[in-house]
Amino acid sequence: MKRRQRGGMLALLTAPLILFVVILFLWPVARFLALAVDNSDFSNNLPRTIAALAGWKADSGLPGEPVFAALVEDLADARRAGKEGVLAQLVNQRVVGSRFLVIKTAKDAADGKLTMRPVRDEVLSKQGGWKNIDLWQVIARQQSARTDYYLLASLDLKRGADNSIEAVSADRAIFVDALLRTIWISIVVTVICAVLAVPLAQAIVSAPPAWSKLMFALILFPLWTSLLVRTVIWIIVLQKNGPVNSTLLGLGIVSEPLDLIYTRFSLYLAMVQVLLPMMVLSVVAVMRRVPTTYMRAALSLGAPWLTAWRRVQLPLILPGILSGGAIVFVFALGYYITPTLVGGPTDQMISSYIAFYTNSTLNWGMGAALSLQLLMILVLFALLFWTASVLFRRKAHVA
Amino acid sequence: MRTYLQAVSAAAICLATSTLAASAADPVTVVGWGGTWDKAYKDGVWDKYTEKTGVPIVMEEWGGEVAKVRAQVQAGNITYDVVSVEAPAMEVGCAEGLFVPLTPEITGDAANYLPGTLHECGVASDTWATVLAYNTKVYKGDAAPKSWADFWNVEKFPGKRGLYQQAQFTLENALMADGVKREDMYKVLATPEGVDRAFAMLDKIKAHVVWWSTTTQGIQNLDSGEVALSDGFNARITNEAINEKKPYAIAWDAGFFYGTDYWAVVKGAPHQQAGLDLLKWFSIPENQAGFSKLYAYGTGRKEAADLIPADWKVNLPTSPEHLQYGASYDNDFWTEHKEALEERFKAWLAK
């Protein structure tokens with residue numbers, strides 16, 4: 001009875017948190033991600049046309065009168081429901097240059113300007129754009145309220161003329177490269193952070209308390225500065241006539257200013273600077289719990305310092321490196337302002353595309369598909385980190 | 001439930017402050033492009049409105065992400081009243097029903113507006129131009145770049161040049177450099193061969209370009225000497241040259257394209273009517289001119305231009321001496337082709 005009461009109490013206490021996470025985080029994220037496969041704006045707004053197109057094949061030429069009559073009815077309804085803009089955008093994504101064709105035809109249809117019979121001739125004479133077979137092929141394919149269009153596009157794939165999956169042309173293929181680049185940049189940043197953070201953490205832990213506090217404050221200080229400021233400072237420091245280049249020139253190390261900014265190098269520099277504190281904090285937290293006597297014991301038993309560190313200290317602080325690595329990696333995956341500002345044109349990461357589709361072209365299907373991709377990578381790497389730490393713990397246990 | 005609560009709390013506040021409410025009107029939230037642009041609007045336009053009507057204006061800043069408006073409308077939690085949007089976003093937003101259609105009663109007679117500055121859902125907030133700018137200390141007198149072909153000429157003008165990192169502006173500049181006339185621009189760009197031609201031109205200077213993605217960054221690259229010539233928004237260049245006394249000049253006769261941003265009232269905004277009242281007041285020429293007097297962008301009403309002092313008017317893209325070298329961005333073209341061309345541009349950049 002008592003135990004049950006306590007359980008109920010616990011549930012009551014955590015309920016606000018769980019509700020908060022579900023309502024304000026999981027639910028909206030899930031809804032946004034669902035847009036990656038949603039096709040209802042297409043299928044719901046052209047129901048009659050899509051039905052009338054059943055059995056139609058592209059090689060049999062333009063569809064007949066019933067399809068055009070259905071199109072006029074559907075577009076008139078869409079216009080009255082205020083949906084023709086969304087529909088036009090969807091058609092235009094698939095057949096570029098057809099946005100205003102849809103909007104104008106919908107307006108004419110709703111205004112009762114397309115009433116002659118056969119209406120097919122009237123539509124074709126007023127809006128010649130409907131002679132484009134590609135348009136009909138796209139519409140005929142939208143029977144379902146679900147689509148794989150965005151998911152395929154996010155992998156540089158598309159449905160070909162015969163509805164089979166094929167690669168998009170080389171000058172359009174961007175996302176796979178961008179995704180691999182994003183993963184690679186994140187891995188490199190994580191590794192650099194780990195390599196830098198361990199000696200730093202060691203120094204903080206071994207230093208006298210006053211020094212340790214000061215170093216800790218210095219590490220934390222950048223965390224309180226705005227990300228944008230920290231990023232823009234690198235532009236000023238690394239630019240052609242900036243302090244770094246003028247020092248190098250002044251010392252005669254180089255004869256011409258180096259291209260430091262807008263390169264992969266400057267991107268790594270800026271990202272590591274921003275993310276390093278996370279790694280240091282994580283490693284320091286673990287390192288503080290490791291008694292210094294272990295290292296001393298190893299050394300007094302005759303192990304060289306490096307061996308002692310590698311065999312005794314490193315395994316003990318590895319959980320800190322792994323959890324810090326997971327945090328840094330996850331943060332790095334989502335970067336897009338920093339690559340845009342200090343990276344070069346070949347350093348753009350996948351999030352900049354998500355921002356482009358979500359913010360400026362309102363193609364939320366594409367934004368959701370790319371987000372889903374990123375989430376998958378995240379889950380995959382989270383599992384990797386988790387497996388690594390479990391394996392390691394088991395090994396440590398056996399030993 | 002939500003609206004009920006809102007209504008109840010609104011009623012309670014009204015009761016509690018009924019004496020105050022008569023004097024202090026609800027503020028209207030106006031969303032602009034930030035920085036010096038917002039400041040010019042505040043000093044030149046909004047403060048006068050508040051002085052005259054007592055309606056306070058709260059200014060917010062954004063990057064033109066019409067997605068924010070869509071998200072607010074879909075969530076039923078609208079915080080923006082009046083927003084300034086770029087033309088292609090205006091087309092999309094207006095067609096989607098995010099903005100309130102404006103009547104002639106609000107905007108005045110359409111015949112009084114410059115072409116392209118009045119839209120079904122908006123009146124021009126500013127007409128900007130993307131121009132060729134250069135450093136007059138590096139390129140003195142006759143050595144200055146005079147055309148986009150010069151901009152592309154890396155032998156005559158060695159060193160890096162700045163370009164805005166997006167397809168719109170850049171493709172037009174590339175084709176101008178390749179000798180395409182401004183009036184033929186969109187005939188060429190509408191064909192696959194025309195797009196290929198623009199990218200072929202871009203291939204030629206790819207290794208010599210420093211790309212910028214925020215206006216401040218573009219100016220910073222000029223300031224630091226990273227580049228000595230760059231494309232840029234005309235008012236920002238003028239601002240640096242005149243107010244900050246920096247050695248920058250604009251080659252107007254190289255040719256330029258101009259575009260328009262619009263003020264639009266968000267449908268269902270908490271102060272929709274106050275927003276419409278604001279735009280009605282803004283549609284009076286004297287009030288529109290308040291902005292152009294402080295910031296070198298044009299506005300919609302033709303009469304507004306006459307109210308701007310001659311020595312400042314020469315900095316506006318819409319002034320007669322410059323307009324002969326300019327052409328308007330084709331908003332319909334960019335509304336339809338933006339996504340596909342930006343995708344291709346990004347793919348090209350990353351190679």
Side-chain angles (χ1 to χ4, degrees), chain A residues 28 32 81-89 92-93 95-103 106 153 156 168-175 177-178 181 232 235-236 239-242 257 259 261-262 337 340-342 344-348 352-353 355-364 366-367, chain B residues 62-71 74-75 86 88-89 91-98 159-160 163 165-166 190 192 195-196 199 206 209-214 216-217 220-221 223-227 267 331-333 335-351:
Chain A
F32 185 74
K83 283 283 190 186
E84 88 279 21
V86 181
L87 183 63
Q89 192 188 352
N92 190 63
Q93 277 161 15
V95 183
V96 175
S98 48
R99 186 185 162 80
F100 289 101
L101 174 72
V102 174
I103 288 183
D156 294 332
V168 299
S169 61
D171 62 352
R172 287 286 155 80
I174 32 180
F175 301 121
D177 278 354
R181 185 163 55 232
V232 172
I235 301 183
I236 294 167
Q239 67 196 7
K240 197 170 154 194
N241 301 326
D259 281 333
I261 191 68
Y262 309 129
I337 298 175
T340 311
L341 287 178
V342 305
T346 53
D347 304 326
Q348 300 310 308
S352 68
Y353 295 93
F356 169 70
Y357 288 112
T358 316
N359 284 335
S360 67
T361 65
L362 287 190
N363 183 351
W364 287 6
M366 204 60 227
Chain B
W62 75 340
E65 307 93 340
V66 86
K68 289 183 180 167
V69 178
R70 191 205 243 182
Q74 282 184 358
E86 282 179 287
E91 292 289 348
V92 178
C94 190
E96 269 192 34
L98 301 178
K160 302 254 179 178
L163 277 176
Q165 192 173 323
Q166 69 167 31
V195 176
D196 289 345
F199 278 103
K206 192 175 191 179
V209 175
V210 176
W211 301 96
W212 55 273
S213 40
T214 65
T216 313
Q217 195 186 9
Q220 170 65 29
N221 287 341
D223 288 351
S224 69
E226 201 82 27
V227 300
K267 201 180 268 180
N331 296 330
D332 287 0
F333 175 85
T335 306
E336 288 191 326
H337 292 85
K338 178 119 191 133
E339 204 165 281
L341 287 180
E342 296 295 349
E343 277 172 7
R344 176 152 175 199
F345 179 76
K346 282 170 192 282
W348 172 85
L349 260 186
K351 291 224 163 75

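Excluded from the calculations below are hydrogen atoms, water molecules and symmetry mates; all remaining heavy atoms, backbone and side chain alike, are included. Numbered from 1 within each chain, the chains take letters A, B, ... in sequence-line order.
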Measure [X] against the heavy atoms of chain A and call it side chain, backbone, both or neither at under 4.5 Å.
X: B:E91; value: both
X: B:A89; value: neither
X: B:V210; value: side chain
X: B:A71; value: both
X: B:E226; value: both
X: B:Q166; value: neither
X: B:T216; value: neither
X: B:D223; value: neither

Does any backbone or side-chain atom of [X] lie under 4.5 Å from a heavy atom of chain B? Answer side chain, backbone, both or neither.
X: A:S360; result: neither
X: A:L362; result: both
X: A:D347; result: neither
X: A:S169; result: neither
X: A:A170; result: backbone
X: A:A173; result: backbone

On a heavy-atom basis, the closest approach of A:Q239 and A:I261 is CA-CG2, 4.0 Å
Shorter than 4.5 Å, heavy atoms on both sides: which option in [options] has the most such pairs with chain A?
options: B:S224, B:A190, B:A95; result: B:S224
options: B:K338, B:R344, B:Q165, B:K68; result: B:R344
options: B:H337, B:K346, B:K160; result: B:K346

Nearest 0.5 Å please: distance from the CD atom of B:E86 over to the CD atom of B:E65.
-> 10.0 Å
How far does CD of B:E96 sit from CZ of B:R70, to the nearest 0.5 angstrom?
-> 4.0 Å
For the interface with chain B, which of [options] has the highest count of heavy-atom pairs at distances below 4.5 Å?
options: A:S98, A:G242, A:A88, A:G367; value: A:S98
options: A:D171, A:V96, A:D259; value: A:D171
options: A:I235, A:N92, A:N241, A:T358; value: A:N92
options: A:Y262, A:F100, A:F356; value: A:F100

Should B:K206 and B:W348 be marked as a side chain to side chain contact (heavy atoms under 4.5 Å, CB included) after you check the CA-CA gap, both sets of side-chain angles, and the distance that decides it?
-> CA-CA 10 Å; B:K206 192 175 191 179; B:W348 172 85; 3.6 Å; yes
Could you please spell out the steps behind the side-chain hydrogen bond (donor to acceptor under 3.5 Å, both in side chains) verdict for A:Y353 and B:E342?
-> CA-CA 10 Å; A:Y353 295 93; B:E342 296 295 349; over 6 Å; no
Check the side chains of B:Q217 and B:S213 for a donor-acceptor pair under 3.5 angstrom, ignoring hydrogens and angles.
-> yes
Side-chain donor-acceptor pair under 3.5 Å between B:E339 and A:N363, yes or no?
-> yes
